[in-house]
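Residue numbers start at 1 and run along the sequence shown.
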Amino acid sequence: MKFGHFDDEAREYVIEQPLTPYPWINYLGNEKFFSLISNTAGGYAFYTDARLRRLTRYRYNDIPLDANGRYLFIKDGDAIWNPGFKPMKTALDRYECRHGFGYTKISSAKNGLSADVLYMVPNGENCEVQRLTLRNESGADKTVSVVSFVEWCLYNAQDDCTNFQRNFSTGEVEIETTARGTAIYHKTEYRERRNHFAFFSVNAKADGFDTDRETFLGLHNSLDEAAAVISGKSGNSVADGWSPIASQRLNVTLKAGESRTLVFVLGYVENEEKFLSDADAKAALDAGLLRTNTASGIINKEKAYALQEKFGTSEKVDEAFCALRKFWDETLSHFTLKTGDEKLDRMALWNQYQCVVTYNFARSASYFESGIGRGLGFRDTSQDMLGAAHQLPAKRIRDRLFDVAATQFPDGSAYHQFQPLTKRGNADIGSNFNDDPLWLVLGVGGYIRETGDKSFLDVQVPFDNDEKNTATMYEHLRRSYRYITTHMGPHGLPLIGRADWNDCLNLNCFSTDPNDSFQTCTNKEGKNAESVMIAQMFVYVTPDYAAMARLMGDEAEAAFAEAEAKKMEESICTAGWDGAWYLRAYDDAGNKVGSHECEDGQIFIESQGFGTMAQVGADKGYPAKALDSVKERLDSKYGICIVDPPYKTYHVELGEVSSYPPGYKENGGIFCHNNPWVVIGEIKTGRPADAWEHYSKIAPAYLEDISEIHRTEPYVYAQMIAGKTARRFGEAKNSWLTGTAAWNFVALSQYICGVRPDYAGLCVEPRLPAHVRNAEIVRVFRGVTYRISVVNNDPAGKVSLSVKGGSADGLVVNADSGAKEVLVTATVG
């Protein structure tokens, strides 16, 4: 069943009831300030780093689900309700949530009073704007109260939820009313070690406030029974330790038909000059400023005032909202698709939006990743770039890839994760994930294919963020590539280290201690366990690496790489082929993993995906045989499972992969991240009909009608769907932040639509499904707009191009046309 619908004209997903199968969320912000918001206004905000600069608290895995957010309580006589339904959960007469690109609108009504709320993070600003418009539709005068609420996090989210013996004594605030309205400032530790503070303001003089959670709620109450809301009177509390909050009360009288708009701003400020002078501080106190610690200086609020002023009226919010819409219109205009299949066209749009969001955060901050335990992933960010490079400014892509490469060690290995604020590698996780180096090659290659910016290869980049030890980006790539060639196992295949892409295939862990982390515990030297997938990936990235070597004039390195890839392919065909599919690995004892010889775990998707993308053993017919085995052994009505049959018991020699219940996550779940590898493999093997079948099974727009089964958002991909052996077959988990986003966009745009960036130009080779007879594609590439018309007579047929305004070399439209616009007609079959 559906819980909403796509509004294609407005480019929004409209949620029609608050009780969705799981919180359906959106992301606000695209530069440094970010917020997560659910369809019931749950979520949290942070600046740059969800661990080190968390502004508001969120309670993961809490009861009830989706606890804490930015809440507006409305008291209208005896009725108390929220525009977003939670936390009061009062039945509403009308409810609608519209998630758009970078903003969310929630509209509702109760007893003749309507409330419309716009939530957004304006372009380039370090704040979340919340604009509430109340309208009296009852036919009689109304006097109501609006009570706002956010709960402050003490910045370091990990410390905030663990170190209570300290944190319950440190909370400090200031409360100030000026001509701009009433603002509450969160200044915990500001006088000691921090140069930053947060604030929550409203553009009206409040009739009351609270900054102490206990006073606001009552000690034994939950958010749905907040004492200050129910009593109709705020406590005017000044937080002194414990749990600081920000709440303003505004009493509003509306005549029949009258409306009133209030603008709330949740902001973040960093200061060089931290405090006011003595004279200015005295003036502020004389004007009525309240504060926790009378010995502390008073915050210099100049930057905060500027933000409050910038969004101090509804008209100014409209201007910012218009600019935000224009930003996303331009960002999402670099690839557009019109096929007549509305679901496919939606995926082309929403998938790109998810790609940008995922690029911003890697896997760090979602409703499934707390933003506390990990930062940005080396592997994650390198592949996320593949879905964002055509949309975002080249500098943003360069800067992030620079940060990724700077966490590399001199031997070519790297930290597996790093913190976005400090850019330092995460020592708790460490390194030794032996696929990581190759992802940098793939990421930088994808960037240069998109932009033609070969100068990036000359940029000096530090190793381990040590400015005394730097090398060119090209040298970083050389060490990445050669790291594989110097870490080889007994079968001539790369050593796996702690794991490869499948973090749960831990072939050197051997843990029987429940206190161990599979992915950081290594109890073997790691000189035997090998990965067929890394070998296939090595073959797959070699053309990129060799092309970049030639851009640098290094023909010897290009020739070396091509020879090594040929040797690696021979090793895969000799030791990595199981007869009807590619093996997955060899364990520490030299036993096969992912073989018909195994009782469980006989076939894995990863090696079938990368093996067919790399076309390993194509002269022997291996890709087609492997793909046939995928359909026979791994495929299901909800997508391709990661392994079959799943492990029934724990295998100490394999690690975490065998610890999950059968059908979930890496033990037989439908890992959406690598389904598109098979889609790409099918296209490259000349089987577009099979590619389309696999693609459409996991694309969220095609799952909207079964939302009660799928559960997560029908507008973005999830990482995992429960597999065919799971009790909850078809149920998704871990939506939004997943490599699924970038890889599915690559599969759709570059292989199904067939529009691929190349070093020499834009390759056009459409392989659209048979039901799409004609398509119009617009692709902005290196400053030129390519308008591509597709005539799809036979999806598997020969492709011929007709080009106006440029020239083509085979299926590659040359990039040096000098034109602003190039018209291409691609006839298939």
Side-chain angles (χ1 to χ4, degrees), residues 435 489 491-494 496 500-502 504-505 507 529-540 568-587 590-636 639-647 651 654 657-658 662-663 666-687 689-691 693-694 697 723-725 743 747:
D435 64 313
H491 295 90
L493 301 169
I496 196 170
D500 56 23
W501 173 89
N502 189 332
C504 298
L505 193 61
L507 303 185
E530 299 162 289
S531 168
V532 173
M533 185 202 135
I534 295 179
Q536 296 165 329
M537 189 177 178
F538 183 86
V539 176
Y540 182 74
M568 189 73 80
E569 183 173 9
E570 291 171 355
S571 294
I572 298 168
C573 291
T574 300
W577 180 251
D578 199 53
W581 58 80
Y582 301 100
L583 285 174
R584 182 61 179 84
Y586 284 90
D587 69 16
N591 297 316
K592 295 176 181 178
V593 180
S595 166
H596 73 280
E597 299 173 12
C598 305
E599 179 182 358
D600 291 326
Q602 294 179 349
I603 177 172
F604 283 75
I605 190 177
E606 303 101 291
S607 47
Q608 315 321 312
F610 257 100
T612 56
M613 286 200 298
Q615 289 290 286
V616 172
D619 58 328
K620 302 175 178 62
Y622 288 177
K625 290 179 182 178
L627 292 168
D628 287 343
S629 295
V630 167
K631 286 188 71 69
E632 178 186 349
R633 301 292 302 274
L634 295 173
D635 200 16
S636 77
I640 306 168
C641 299
I642 193 170
V643 62
D644 187 78
Y647 296 99
H651 288 250
L654 302 181
V657 66
S658 60
E666 284 81 355
N667 190 25
I670 297 162
F671 231 88
C672 300
H673 189 147
N674 38 38
N675 272 236
W677 299 348
V678 172
V679 172
I680 295 168
E682 292 280 14
I683 295 284
K684 296 186 79 168
T685 309
R687 299 160 34 144
D690 293 303
E693 181 184 347
H694 291 311
K697 282 182 180 178
K724 57 189 177 181
T725 57
W743 276 110

Inset, instruction - Examine distances only and state if a side-chain atom of D587 and a backbone atom of G590 form a donor-acceptor pair shorter than 3.5 Å. - result: yes
Inset, instruction - Could you tell me how the ring of Y582 sits relative to the ring of W577: parallel (under 30°), tilted (30 to 60°) or perpendicular (over 60°)? - result: perpendicular
Legend entry - Heavy-atom closest contact (Y586 atom, L507 atom, distance): O-CD1, 3.6 Å
Inset, instruction - Could you tell me which non-hydrogen atom of P645 sits nearest to which non-hydrogen atom of E599, and how far apart they are? - result: CG-O, 3.8 Å
Legend entry - Smallest separation among heavy atoms of G668 and V643, with atom names: N-CG1, 3.2 Å
Inset, instruction - Kindly determine whether N674 and E606 satisfy side-chain hydrogen bond (donor to acceptor under 3.5 Å, both in side chains), including the steps that lead there. - result: CA-CA 7 Å; N674 38 38; E606 303 101 291; 4.7 Å; no
Inset, instruction - Under the side-chain hydrogen bond (donor to acceptor under 3.5 Å, both in side chains) rule, what do H491 and E530 come out as? Steps first, then yes or no, please. - result: CA-CA 8 Å; H491 295 90; E530 299 162 289; 2.6 Å; yes
Legend entry - Side-chain donor/acceptor of S629 to backbone N/O of A580, under 3.5 Å: yes
Legend entry - I496 side, atom CD1; L505 side, atom CG - distance, nearest 0.5 Å: 4.5 Å
Inset, instruction - List the atom of C641, the atom of I670, and the distance in Å for their closest heavy-atom pair. - result: SG-CG1, 3.9 Å
Legend entry - Member of H694, E682, E693 meeting the side chain to side chain donor-acceptor pair (under 3.5 Å) criterion with K631: E693
Legend entry - Heavy-atom pair of closest approach, residues T725 and P662: OG1-C, 3.5 Å
Legend entry - Rounded distance (nearest 0.5 Å) linking atom CD1 of I603 with atom SG of C598: 11.5 Å
Inset, instruction - Check T574, I572, L583 against L493 for a side chain to side chain contact (heavy atoms under 4.5 Å, CB included) and give me the one that passes. - result: I572
Inset, instruction - Mind checking the NZ-OH spacing from K625 to Y622? Nearest 0.5 Å is all I need. - result: 6.5 Å
Legend entry - Within the 6.0 Å centroid threshold, strictly below: F671 and W677: no
Legend entry - Any donor-acceptor pair under 3.5 Å from T612 side chain to G609 backbone: yes
Inset, instruction - Answer yes when D628 and R633 have at least one side-chain N-carboxylate O distance shorter than 4.0 Å, and no when they do not. - result: no
Inset, instruction - Flag the pair K697 and D635 as a salt bridge only when some basic side-chain nitrogen lies within less than 4.0 angstrom of an acidic carboxylate oxygen. - result: yes
Inset, instruction - To the nearest 0.5 Å, tell me how far K724 NZ sits from S636 OG. - result: 6.5 Å
Inset, instruction - Test side-chain hydrogen bond (donor to acceptor under 3.5 Å, both in side chains) on Q615 and T685 and set out the steps. - result: CA-CA 8 Å; Q615 289 290 286; T685 309; 3.1 Å; yes
Inset, instruction - List the atom of A747, the atom of V679, and the distance in Å for their closest heavy-atom pair. - result: CB-CG1, 4.0 Å
Legend entry - Donor-acceptor contact present, side-chain Q536 to main-chain S607, <3.5 Å: yes
Legend entry - F538 side, atom CZ; D435 side, atom CG - distance, nearest 0.5 Å: 14.0 Å
Inset, instruction - Hey, could you give me the CG/CZ distance between D578 and R584, rounded to the nearest 0.5 Å? - result: 14.0 Å
